[in-house]
2 protein chains.
Amino acid sequence: MESAHSEPLERKRGRPTEAGRIERQEQILDAALSNFLEYGFGNATVDRIAADARVTKRTIYSYFGNKDGVFTEMQRRLADTVSGDTQNPDTLESLAARIVFGLHSAQMIGLHRLVIAESLRFPDLARTLHDNGDMRHVARLAEHIDAERGWGATDRAETLYALLLGEDYRRRLLGLIEPITADAAAGHAYSALKHLGLTDVQVR
Amino acid sequence: MESAHSEPLERKRGRPTEAGRIERQEQILDAALSNFLEYGFGNATVDRIAADARVTKRTIYSYFGNKDGVFTEMQRRLADTVSGDTQNPDTLESLAARIVFGLHSAQMIGLHRLVIAESLRFPDLARTLHDNGDMRHVARLAEHIDAERGWGATDRAETLYALLLGEDYRRRLLGLIEPITADAAAGHAYSALKHLGLTDVQVR
DNA sequence: AATTAATGATACGACGCCGTATCATTCTAT
DNA sequence: ATAGAATGATACGGCGTCGTATCATTAATT
(Lines give C-alpha, C1' and ligand atoms only; values in the text may rest on other atoms or scores of the structure.)
Protein backbone atom coordinates (compact mmCIF):
# COMPACT_ATOMS: atom_id res chain seq x y z
CA MET A 1 0.00 0.00 0.00
CA GLU A 2 3.05 2.20 0.45
CA SER A 3 3.71 4.20 -2.71
CA ALA A 4 7.41 5.07 -2.55
CA HIS A 5 7.10 8.70 -3.52
CA SER A 6 10.11 10.83 -4.33
CA GLU A 7 10.25 12.57 -0.98
CA PRO A 8 12.71 15.44 -1.66
CA LEU A 9 10.07 17.61 -3.34
CA GLU A 10 9.82 20.88 -1.43
CA ARG A 11 7.07 23.29 -2.05
CA LYS A 12 7.36 27.02 -2.29
CA ARG A 13 6.39 29.00 0.74
CA GLY A 14 3.92 31.81 0.88
CA ARG A 15 0.46 32.32 -0.46
CA PRO A 16 -0.30 29.96 -3.31
CA THR A 17 -2.07 30.62 -6.58
CA GLU A 18 -5.68 29.57 -6.91
CA ALA A 19 -4.56 26.52 -8.85
CA GLY A 20 -2.17 25.81 -6.03
CA ARG A 21 -4.99 25.78 -3.52
CA ILE A 22 -7.04 23.38 -5.59
CA GLU A 23 -4.02 21.15 -6.02
CA ARG A 24 -3.43 21.18 -2.26
CA GLN A 25 -7.03 20.20 -1.59
CA GLU A 26 -6.77 17.25 -3.92
CA GLN A 27 -3.46 16.12 -2.50
CA ILE A 28 -4.72 16.36 1.05
CA LEU A 29 -7.83 14.34 0.28
CA ASP A 30 -5.86 11.78 -1.68
CA ALA A 31 -3.40 11.38 1.15
CA ALA A 32 -6.26 11.23 3.64
CA LEU A 33 -8.00 8.47 1.70
CA SER A 34 -4.89 6.37 1.37
CA ASN A 35 -3.99 6.84 5.02
CA PHE A 36 -7.48 6.12 6.33
CA LEU A 37 -7.71 3.04 4.12
CA GLU A 38 -4.39 1.73 5.37
CA TYR A 39 -4.57 2.63 9.05
CA GLY A 40 -8.21 3.30 9.82
CA PHE A 41 -9.44 6.57 11.26
CA GLY A 42 -7.98 6.27 14.71
CA ASN A 43 -4.50 5.12 13.75
CA ALA A 44 -4.07 7.49 10.85
CA THR A 45 -2.23 10.64 11.93
CA VAL A 46 -2.69 14.13 10.60
CA ASP A 47 1.08 14.56 10.55
CA ARG A 48 1.44 11.64 8.18
CA ILE A 49 -1.37 12.83 5.96
CA ALA A 50 0.25 16.25 5.82
CA ALA A 51 3.62 14.77 4.94
CA ASP A 52 2.14 12.60 2.20
CA ALA A 53 0.26 15.57 0.77
CA ARG A 54 3.38 17.79 0.86
CA VAL A 55 1.49 20.23 3.02
CA THR A 56 1.81 21.41 6.60
CA LYS A 57 -0.73 20.59 9.25
CA ARG A 58 -1.62 24.24 9.40
CA THR A 59 -2.99 24.08 5.87
CA ILE A 60 -5.02 20.98 6.62
CA TYR A 61 -6.61 22.60 9.66
CA SER A 62 -7.14 25.77 7.70
CA TYR A 63 -8.99 23.82 5.01
CA PHE A 64 -10.95 21.27 7.00
CA GLY A 65 -11.04 22.44 10.61
CA ASN A 66 -10.08 19.16 12.22
CA LYS A 67 -9.44 15.50 11.56
CA ASP A 68 -13.13 14.68 11.43
CA GLY A 69 -13.57 17.39 8.82
CA VAL A 70 -10.99 15.79 6.59
CA PHE A 71 -12.69 12.44 6.96
CA THR A 72 -16.13 13.86 6.28
CA GLU A 73 -15.07 15.68 3.13
CA MET A 74 -13.26 12.59 1.91
CA GLN A 75 -16.40 10.58 2.52
CA ARG A 76 -18.48 13.11 0.59
CA ARG A 77 -16.31 12.68 -2.47
CA LEU A 78 -16.38 8.93 -2.17
CA ALA A 79 -20.07 8.91 -2.99
CA ASP A 80 -19.20 10.03 -6.52
CA THR A 81 -16.18 7.77 -6.86
CA VAL A 82 -17.88 4.60 -5.70
CA SER A 83 -20.88 5.10 -7.93
CA GLY A 84 -18.71 5.78 -10.97
CA ASP A 85 -18.53 3.50 -13.98
CA THR A 86 -22.00 4.59 -14.99
CA GLN A 87 -21.83 3.56 -18.61
CA ASN A 88 -22.16 -0.15 -18.83
CA PRO A 89 -23.66 -1.79 -21.91
CA ASP A 90 -22.38 -5.23 -20.84
CA THR A 91 -23.91 -8.63 -20.62
CA LEU A 92 -25.04 -9.85 -17.23
CA GLU A 93 -22.08 -12.18 -17.12
CA SER A 94 -19.43 -9.55 -17.79
CA LEU A 95 -21.13 -7.12 -15.44
CA ALA A 96 -21.06 -9.73 -12.69
CA ALA A 97 -17.41 -10.46 -13.37
CA ARG A 98 -16.51 -6.81 -13.18
CA ILE A 99 -18.36 -6.36 -9.93
CA VAL A 100 -16.53 -9.29 -8.38
CA PHE A 101 -13.19 -8.03 -9.59
CA GLY A 102 -13.85 -4.55 -8.33
CA LEU A 103 -15.00 -5.71 -4.91
CA HIS A 104 -11.79 -7.65 -4.41
CA SER A 105 -9.54 -4.72 -5.25
CA ALA A 106 -7.29 -3.36 -2.54
CA GLN A 107 -9.12 -0.04 -2.71
CA MET A 108 -12.56 -1.49 -2.15
CA ILE A 109 -11.45 -3.92 0.51
CA GLY A 110 -9.71 -1.17 2.40
CA LEU A 111 -12.75 1.02 2.08
CA HIS A 112 -15.12 -1.65 3.34
CA ARG A 113 -12.82 -2.45 6.23
CA LEU A 114 -12.74 1.21 7.13
CA VAL A 115 -16.48 1.64 6.85
CA ILE A 116 -17.25 -1.43 8.93
CA ALA A 117 -14.74 -0.41 11.58
CA GLU A 118 -16.02 3.15 11.78
CA SER A 119 -19.70 2.43 11.25
CA LEU A 120 -20.48 3.48 14.81
CA ARG A 121 -18.47 6.69 14.71
CA PHE A 122 -19.48 7.65 11.17
CA PRO A 123 -22.85 6.04 10.42
CA ASP A 124 -23.36 8.28 7.41
CA LEU A 125 -20.34 6.74 5.74
CA ALA A 126 -21.87 3.28 6.00
CA ARG A 127 -25.10 4.56 4.49
CA THR A 128 -23.23 6.28 1.69
CA LEU A 129 -21.24 3.21 0.80
CA HIS A 130 -24.22 0.93 0.91
CA ASP A 131 -26.51 3.15 -1.14
CA ASN A 132 -24.00 4.27 -3.72
CA GLY A 133 -22.02 1.05 -3.82
CA ASP A 134 -23.89 -2.13 -3.06
CA MET A 135 -27.39 -0.98 -3.89
CA ARG A 136 -26.29 0.49 -7.18
CA HIS A 137 -24.63 -2.77 -8.04
CA VAL A 138 -27.79 -4.64 -7.22
CA ALA A 139 -29.86 -2.23 -9.27
CA ARG A 140 -27.69 -2.70 -12.33
CA LEU A 141 -27.76 -6.44 -11.94
CA ALA A 142 -31.52 -6.22 -11.73
CA GLU A 143 -31.67 -4.20 -14.95
CA HIS A 144 -29.77 -6.87 -16.80
CA ILE A 145 -31.74 -9.72 -15.31
CA ASP A 146 -34.92 -7.90 -16.15
CA ALA A 147 -33.78 -7.35 -19.72
CA GLU A 148 -32.64 -10.90 -20.23
CA ARG A 149 -35.33 -12.70 -18.24
CA GLY A 150 -37.99 -10.21 -17.31
CA TRP A 151 -39.14 -11.84 -14.13
CA GLY A 152 -38.33 -11.57 -10.43
CA ALA A 153 -35.43 -9.27 -11.15
CA THR A 154 -35.01 -7.43 -7.87
CA ASP A 155 -35.11 -10.41 -5.59
CA ARG A 156 -32.84 -12.45 -7.82
CA ALA A 157 -30.42 -9.56 -8.21
CA GLU A 158 -29.89 -9.29 -4.47
CA THR A 159 -29.47 -13.03 -4.21
CA LEU A 160 -26.98 -12.96 -7.03
CA TYR A 161 -25.09 -10.16 -5.37
CA ALA A 162 -24.77 -12.21 -2.19
CA LEU A 163 -23.27 -15.02 -4.23
CA LEU A 164 -20.94 -12.68 -6.05
CA LEU A 165 -19.54 -11.59 -2.72
CA GLY A 166 -19.34 -15.12 -1.36
CA GLU A 167 -16.88 -16.65 1.05
CA ASP A 168 -13.85 -15.50 -0.93
CA TYR A 169 -14.85 -11.90 -0.42
CA ARG A 170 -15.13 -12.62 3.27
CA ARG A 171 -11.68 -14.16 3.31
CA ARG A 172 -10.37 -11.12 1.53
CA LEU A 173 -11.98 -8.81 4.09
CA LEU A 174 -10.29 -10.81 6.82
CA GLY A 175 -6.94 -10.48 5.10
CA LEU A 176 -6.68 -14.22 4.57
CA ILE A 177 -6.20 -14.19 0.79
CA GLU A 178 -4.71 -11.90 -1.83
CA PRO A 179 -6.68 -10.07 -4.54
CA ILE A 180 -7.94 -12.37 -7.25
CA THR A 181 -7.19 -12.12 -10.94
CA ALA A 182 -9.70 -10.91 -13.50
CA ASP A 183 -10.02 -14.47 -14.78
CA ALA A 184 -10.72 -15.87 -11.35
CA ALA A 185 -13.33 -13.15 -10.83
CA ALA A 186 -14.99 -14.10 -14.09
CA GLY A 187 -14.96 -17.75 -13.11
CA HIS A 188 -16.50 -17.00 -9.76
CA ALA A 189 -19.14 -14.81 -11.36
CA TYR A 190 -20.04 -17.50 -13.87
CA SER A 191 -20.32 -20.07 -11.11
CA ALA A 192 -22.65 -17.79 -9.17
CA LEU A 193 -24.86 -17.24 -12.21
CA LYS A 194 -25.00 -20.97 -12.78
CA HIS A 195 -26.09 -21.66 -9.24
CA LEU A 196 -29.07 -19.40 -9.80
CA GLY A 197 -29.85 -20.63 -13.29
CA LEU A 198 -28.89 -17.32 -14.82
CA THR A 199 -26.27 -18.45 -17.29
CA ASP A 200 -26.52 -17.43 -20.91
CA VAL A 201 -27.94 -20.79 -21.82
CA GLN A 202 -31.50 -19.74 -22.36
CA VAL A 203 -34.02 -21.40 -20.12
CA ARG A 204 -36.38 -22.39 -22.86
CA MET B 1 -24.14 -2.86 24.93
CA GLU B 2 -23.77 -1.07 28.27
CA SER B 3 -24.76 -3.36 31.11
CA ALA B 4 -25.71 -1.00 33.92
CA HIS B 5 -23.93 -2.86 36.69
CA SER B 6 -24.35 -2.02 40.35
CA GLU B 7 -21.19 0.02 40.65
CA PRO B 8 -20.80 0.35 44.44
CA LEU B 9 -19.32 -3.13 44.80
CA GLU B 10 -15.89 -2.79 46.37
CA ARG B 11 -13.52 -5.62 46.51
CA LYS B 12 -11.38 -6.60 49.44
CA ARG B 13 -7.76 -5.58 49.33
CA GLY B 14 -4.77 -7.80 49.77
CA ARG B 15 -3.80 -11.15 48.38
CA PRO B 16 -6.81 -13.06 47.13
CA THR B 17 -7.69 -16.70 47.50
CA GLU B 18 -7.01 -19.03 44.59
CA ALA B 19 -10.69 -18.90 43.67
CA GLY B 20 -10.41 -15.15 43.80
CA ARG B 21 -7.64 -15.18 41.24
CA ILE B 22 -9.62 -17.35 38.86
CA GLU B 23 -12.62 -15.12 39.31
CA ARG B 24 -10.49 -12.06 38.53
CA GLN B 25 -9.16 -13.66 35.37
CA GLU B 26 -12.65 -14.36 34.14
CA GLN B 27 -13.91 -10.92 34.95
CA ILE B 28 -10.97 -9.26 33.24
CA LEU B 29 -11.43 -11.29 30.08
CA ASP B 30 -15.17 -10.76 30.09
CA ALA B 31 -14.70 -7.03 30.48
CA ALA B 32 -12.01 -7.06 27.81
CA LEU B 33 -14.26 -8.85 25.33
CA SER B 34 -17.18 -6.52 25.90
CA ASN B 35 -14.96 -3.46 25.66
CA PHE B 36 -13.10 -4.60 22.57
CA LEU B 37 -16.38 -5.51 20.89
CA GLU B 38 -17.85 -2.13 21.67
CA TYR B 39 -14.88 0.14 21.06
CA GLY B 40 -12.38 -1.85 19.03
CA PHE B 41 -8.85 -2.48 20.15
CA GLY B 42 -7.49 1.04 19.79
CA ASN B 43 -10.35 2.88 21.44
CA ALA B 44 -10.84 0.49 24.30
CA THR B 45 -8.94 1.62 27.39
CA VAL B 46 -7.32 -0.54 30.00
CA ASP B 47 -8.70 1.76 32.67
CA ARG B 48 -12.23 1.06 31.53
CA ILE B 49 -11.63 -2.68 31.32
CA ALA B 50 -10.21 -2.61 34.83
CA ALA B 51 -13.18 -0.66 36.14
CA ASP B 52 -15.66 -3.01 34.49
CA ALA B 53 -13.82 -6.03 35.89
CA ARG B 54 -13.69 -4.53 39.41
CA VAL B 55 -9.94 -4.84 39.31
CA THR B 56 -7.07 -2.40 39.26
CA LYS B 57 -4.83 -1.92 36.28
CA ARG B 58 -1.98 -3.35 38.28
CA THR B 59 -3.71 -6.71 38.41
CA ILE B 60 -4.37 -6.69 34.68
CA TYR B 61 -0.73 -5.98 33.89
CA SER B 62 0.34 -8.54 36.44
CA TYR B 63 -1.82 -11.16 34.72
CA PHE B 64 -1.38 -10.34 31.05
CA GLY B 65 1.69 -8.13 30.73
CA ASN B 66 0.17 -5.51 28.48
CA LYS B 67 -2.89 -4.59 26.46
CA ASP B 68 -1.93 -6.85 23.60
CA GLY B 69 -1.61 -9.72 26.04
CA VAL B 70 -5.17 -9.22 27.21
CA PHE B 71 -6.38 -9.18 23.63
CA THR B 72 -4.39 -12.27 22.68
CA GLU B 73 -5.65 -14.29 25.63
CA MET B 74 -9.21 -13.19 24.93
CA GLN B 75 -8.78 -14.27 21.33
CA ARG B 76 -7.45 -17.67 22.42
CA ARG B 77 -10.58 -18.32 24.42
CA LEU B 78 -12.80 -17.16 21.59
CA ALA B 79 -11.74 -20.14 19.51
CA ASP B 80 -13.60 -22.39 21.94
CA THR B 81 -16.58 -20.07 22.31
CA VAL B 82 -17.17 -19.52 18.61
CA SER B 83 -16.98 -23.18 17.75
CA GLY B 84 -19.39 -24.12 20.54
CA ASP B 85 -22.83 -25.54 19.96
CA THR B 86 -21.29 -28.81 18.88
CA GLN B 87 -24.29 -31.02 19.38
CA ASN B 88 -26.68 -30.43 16.58
CA PRO B 89 -28.99 -33.18 15.36
CA ASP B 90 -31.11 -30.74 13.38
CA THR B 91 -32.50 -30.67 9.90
CA LEU B 92 -30.68 -28.66 7.27
CA GLU B 93 -33.40 -26.06 7.42
CA SER B 94 -33.26 -25.51 11.17
CA LEU B 95 -29.47 -25.55 11.12
CA ALA B 96 -29.47 -22.85 8.47
CA ALA B 97 -31.95 -20.80 10.44
CA ARG B 98 -29.85 -21.05 13.58
CA ILE B 99 -26.73 -20.02 11.73
CA VAL B 100 -28.45 -16.96 10.31
CA PHE B 101 -29.83 -15.99 13.68
CA GLY B 102 -26.49 -16.43 15.37
CA LEU B 103 -24.61 -14.43 12.78
CA HIS B 104 -26.94 -11.49 13.26
CA SER B 105 -26.55 -11.40 17.03
CA ALA B 106 -24.92 -8.37 18.58
CA GLN B 107 -22.08 -10.53 19.86
CA MET B 108 -21.19 -11.99 16.50
CA ILE B 109 -21.56 -8.72 14.63
CA GLY B 110 -19.36 -6.95 17.12
CA LEU B 111 -16.83 -9.73 16.90
CA HIS B 112 -16.74 -9.68 13.12
CA ARG B 113 -16.42 -5.91 13.10
CA LEU B 114 -13.54 -6.15 15.49
CA VAL B 115 -11.82 -8.90 13.54
CA ILE B 116 -12.17 -7.11 10.22
CA ALA B 117 -10.94 -3.86 11.70
CA GLU B 118 -7.94 -5.48 13.40
CA SER B 119 -7.16 -8.05 10.72
CA LEU B 120 -3.90 -6.29 9.90
CA ARG B 121 -2.77 -5.89 13.49
CA PHE B 122 -3.91 -9.33 14.64
CA PRO B 123 -3.99 -11.63 11.59
CA ASP B 124 -4.22 -14.69 13.80
CA LEU B 125 -7.56 -13.52 15.09
CA ALA B 126 -8.96 -13.43 11.58
CA ARG B 127 -7.69 -16.93 10.92
CA THR B 128 -9.15 -18.16 14.19
CA LEU B 129 -12.56 -16.71 13.53
CA HIS B 130 -12.69 -17.96 9.98
CA ASP B 131 -11.55 -21.50 10.76
CA ASN B 132 -13.53 -22.01 13.93
CA GLY B 133 -16.52 -19.95 12.88
CA ASP B 134 -17.30 -19.78 9.20
CA MET B 135 -15.55 -22.95 8.06
CA ARG B 136 -17.12 -24.98 10.83
CA HIS B 137 -20.52 -23.67 9.80
CA VAL B 138 -19.85 -24.64 6.21
CA ALA B 139 -18.68 -28.07 7.26
CA ARG B 140 -21.83 -28.73 9.23
CA LEU B 141 -23.99 -27.52 6.39
CA ALA B 142 -22.07 -29.85 4.11
CA GLU B 143 -22.74 -32.79 6.44
CA HIS B 144 -26.44 -32.16 6.29
CA ILE B 145 -26.51 -31.64 2.56
CA ASP B 146 -24.49 -34.79 2.11
CA ALA B 147 -26.86 -36.74 4.30
CA GLU B 148 -29.98 -35.42 2.63
CA ARG B 149 -28.74 -35.25 -0.96
CA GLY B 150 -25.39 -36.99 -1.09
CA TRP B 151 -23.94 -35.04 -3.97
CA GLY B 152 -21.79 -31.92 -4.39
CA ALA B 153 -22.01 -31.18 -0.72
CA THR B 154 -18.93 -29.02 -0.11
CA ASP B 155 -19.39 -26.65 -3.00
CA ARG B 156 -23.10 -26.27 -2.37
CA ALA B 157 -22.51 -25.75 1.34
CA GLU B 158 -20.22 -22.79 0.73
CA THR B 159 -22.66 -21.35 -1.78
CA LEU B 160 -25.46 -21.78 0.70
CA TYR B 161 -23.41 -20.10 3.40
CA ALA B 162 -22.89 -17.09 1.16
CA LEU B 163 -26.64 -16.84 0.69
CA LEU B 164 -27.28 -17.26 4.40
CA LEU B 165 -25.10 -14.24 5.04
CA GLY B 166 -26.61 -12.23 2.24
CA GLU B 167 -27.16 -8.52 1.94
CA ASP B 168 -28.95 -8.28 5.26
CA TYR B 169 -25.88 -9.50 7.07
CA ARG B 170 -23.89 -6.87 5.24
CA ARG B 171 -26.36 -4.19 6.31
CA ARG B 172 -26.07 -5.41 9.85
CA LEU B 173 -22.28 -5.23 9.73
CA LEU B 174 -22.58 -1.66 8.51
CA GLY B 175 -24.90 -0.82 11.38
CA LEU B 176 -27.78 -0.05 9.02
CA ILE B 177 -30.32 -2.46 10.50
CA GLU B 178 -31.13 -3.97 13.87
CA PRO B 179 -30.80 -7.66 14.78
CA ILE B 180 -33.44 -9.81 13.17
CA THR B 181 -35.92 -12.03 14.96
CA ALA B 182 -35.65 -15.80 14.99
CA ASP B 183 -38.64 -15.98 12.67
CA ALA B 184 -37.07 -13.62 10.17
CA ALA B 185 -33.88 -15.63 10.30
CA ALA B 186 -35.81 -18.80 9.58
CA GLY B 187 -37.57 -17.13 6.70
CA HIS B 188 -34.32 -15.91 5.24
CA ALA B 189 -32.76 -19.35 5.62
CA TYR B 190 -35.70 -21.02 3.90
CA SER B 191 -35.50 -18.55 1.07
CA ALA B 192 -31.80 -19.24 0.63
CA LEU B 193 -32.40 -23.00 0.55
CA LYS B 194 -35.11 -22.53 -2.02
CA HIS B 195 -32.85 -20.52 -4.29
CA LEU B 196 -30.46 -23.43 -4.37
CA GLY B 197 -33.10 -26.12 -4.69
CA LEU B 198 -32.34 -27.48 -1.24
CA THR B 199 -35.77 -27.29 0.34
CA ASP B 200 -37.31 -30.29 1.98
CA VAL B 201 -39.36 -30.93 -1.12
CA GLN B 202 -37.48 -33.90 -2.43
CA VAL B 203 -36.00 -33.42 -5.89
CA ARG B 204 -37.19 -36.70 -7.28
C1' DA C 1 3.74 49.83 -4.69
C1' DA C 2 1.74 48.77 -0.48
C1' DT C 3 -1.17 45.96 2.09
C1' DT C 4 -3.32 41.76 3.12
C1' DA C 5 -3.95 36.75 2.91
C1' DA C 6 -2.20 32.22 2.87
C1' DT C 7 1.52 29.00 3.37
C1' DG C 8 5.98 26.45 5.16
C1' DA C 9 8.85 25.38 8.96
C1' DT C 10 8.95 24.73 13.58
C1' DA C 11 7.79 24.58 18.16
C1' DC C 12 4.68 23.76 21.71
C1' DG C 13 0.55 23.27 24.83
C1' DA C 14 -3.14 20.15 26.09
C1' DC C 15 -4.98 15.82 26.46
C1' DG C 16 -5.56 10.88 26.64
C1' DC C 17 -3.81 6.58 27.56
C1' DC C 18 -0.29 2.98 28.50
C1' DG C 19 2.39 1.15 31.90
C1' DT C 20 4.83 1.65 36.53
C1' DA C 21 5.61 2.97 41.34
C1' DT C 22 4.27 3.56 46.28
C1' DC C 23 1.82 2.36 50.43
C1' DA C 24 -1.54 0.08 53.03
C1' DT C 25 -3.96 -4.31 53.33
C1' DT C 26 -5.10 -9.16 53.12
C1' DC C 27 -4.21 -13.88 52.06
C1' DT C 28 -0.79 -17.78 51.45
C1' DA C 29 3.21 -20.39 52.72
C1' DT C 30 6.25 -22.36 55.95
C1' DA D 1 3.16 -17.05 64.18
C1' DT D 2 5.85 -14.90 60.99
C1' DA D 3 7.40 -13.73 56.47
C1' DG D 4 6.29 -13.25 51.80
C1' DA D 5 3.10 -12.64 47.93
C1' DA D 6 -0.65 -10.43 45.69
C1' DT D 7 -4.04 -6.84 45.51
C1' DG D 8 -6.58 -2.02 45.93
C1' DA D 9 -6.14 2.82 45.79
C1' DT D 10 -3.72 6.40 43.94
C1' DA D 11 -0.46 8.99 41.69
C1' DC D 12 2.50 9.85 37.99
C1' DG D 13 6.07 9.49 34.21
C1' DG D 14 6.39 8.89 29.31
C1' DC D 15 4.71 8.98 24.86
C1' DG D 16 1.96 9.94 20.88
C1' DT D 17 -1.28 12.86 18.71
C1' DC D 18 -4.43 16.72 17.99
C1' DG D 19 -4.64 21.34 17.31
C1' DT D 20 -2.52 26.16 17.82
C1' DA D 21 1.04 29.76 17.75
C1' DT D 22 5.10 32.31 15.83
C1' DC D 23 7.95 34.02 12.16
C1' DA D 24 9.59 34.24 7.61
C1' DT D 25 8.00 34.08 2.81
C1' DT D 26 5.23 34.45 -1.31
C1' DA D 27 1.03 35.54 -3.94
C1' DA D 28 -3.38 38.00 -4.31
C1' DT D 29 -5.62 42.41 -3.82
C1' DT D 30 -6.20 47.28 -4.13
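Each chain gets a letter, A, B and so on, in the order its sequence line appears, and its residues count up from 1. Predicted, not measured: the structure shown is a model, and the values here were computed from it.
No engagement by A:A50 is indicated, since no non-hydrogen atom pair under 4.0 Å with the nucleic acid exists. Among the atoms of the strands shown, none is found under 4.0 Å from any heavy atom of B:A19.
Residues A:E26 and A:R77 are paired through a salt bridge, judged by an N-O separation under 4.0 Å between the basic side chain and the carboxylate. The pair A:R140-A:E143 does not count as a salt bridge, with every side-chain nitrogen at least 4.0 angstrom from each carboxylate oxygen. Salt-bridge check for A:R172 with A:D168: failed, with every basic side-chain N at 4.0 Å or more from each acidic carboxylate O. Between B:R76 and B:E73, at least one side-chain N (NZ, or NE/NH1/NH2) sits under 4.0 Å from a carboxylate O, which counts as a salt bridge.
Distance A:R24 CZ to D:dT26 P: 13 Å, rounded to the nearest Å. B:F64 has its CZ atom 14 Å from the P atom of C:dG19, to the nearest Å. Distance CG (B:N43) to P (D:dC18): 12 Å, rounded to an integer number of Å. Whole-Å rounding puts the B:K12 NZ to D:dG8 P distance at 12 Å. Atoms NZ (A:K57) and P (C:dC12) sit 13 Å apart, rounded to a whole Å. The OH-C1' distance, from A:Y63 to C:dA5, rounds to 12 Å in whole Å. With rounding to whole Å, A:D68 atom CG is found 13 Å from D:dG19 atom C1'. Atom pair B:R15:CZ and C:dT26:P shows a separation of 15 Å (rounding to whole Å applied).
Looking at the side chain of A:V46, the nearest of the listed nucleotides D:dT7, C:dT7, D:dC18 is D:dC18. You'll find that the side chain of B:R13 is closest to D:dA9, out of C:dG19, D:dT25, D:dA9. Comparing C:dT20, D:dG8, D:dG19 by their nearest atom to the side chain of A:K67 picks out D:dG19.
Residue A:T45 places no side-chain N or O under 4.0 Å from the OP1 or OP2 atom of D:dG16. Side-chain N/O atoms of A:T56 include none lying less than 4.0 angstrom from OP1 or OP2 on C:dT10. In terms of phosphate contacts, A:R21 brings a side-chain nitrogen or oxygen within less than 4.0 Å of OP1 or OP2 of C:dT7. The side chain of A:Y61 places no N or O atom within less than 4.0 Å of a non-bridging phosphate oxygen (OP1 or OP2) of D:dA21. Put simply, B:S62 has a side-chain N or O that comes within less than 4.0 Å of OP1 or OP2 on D:dT7.
For the 3.5 Å distance criterion, the side chains of A:H195 and A:Y190 fail to qualify, holding no donor opposite an acceptor.
Put simply, the side chain of B:R58 and the base of D:dT10 share no donor and acceptor less than 3.5 Å apart.
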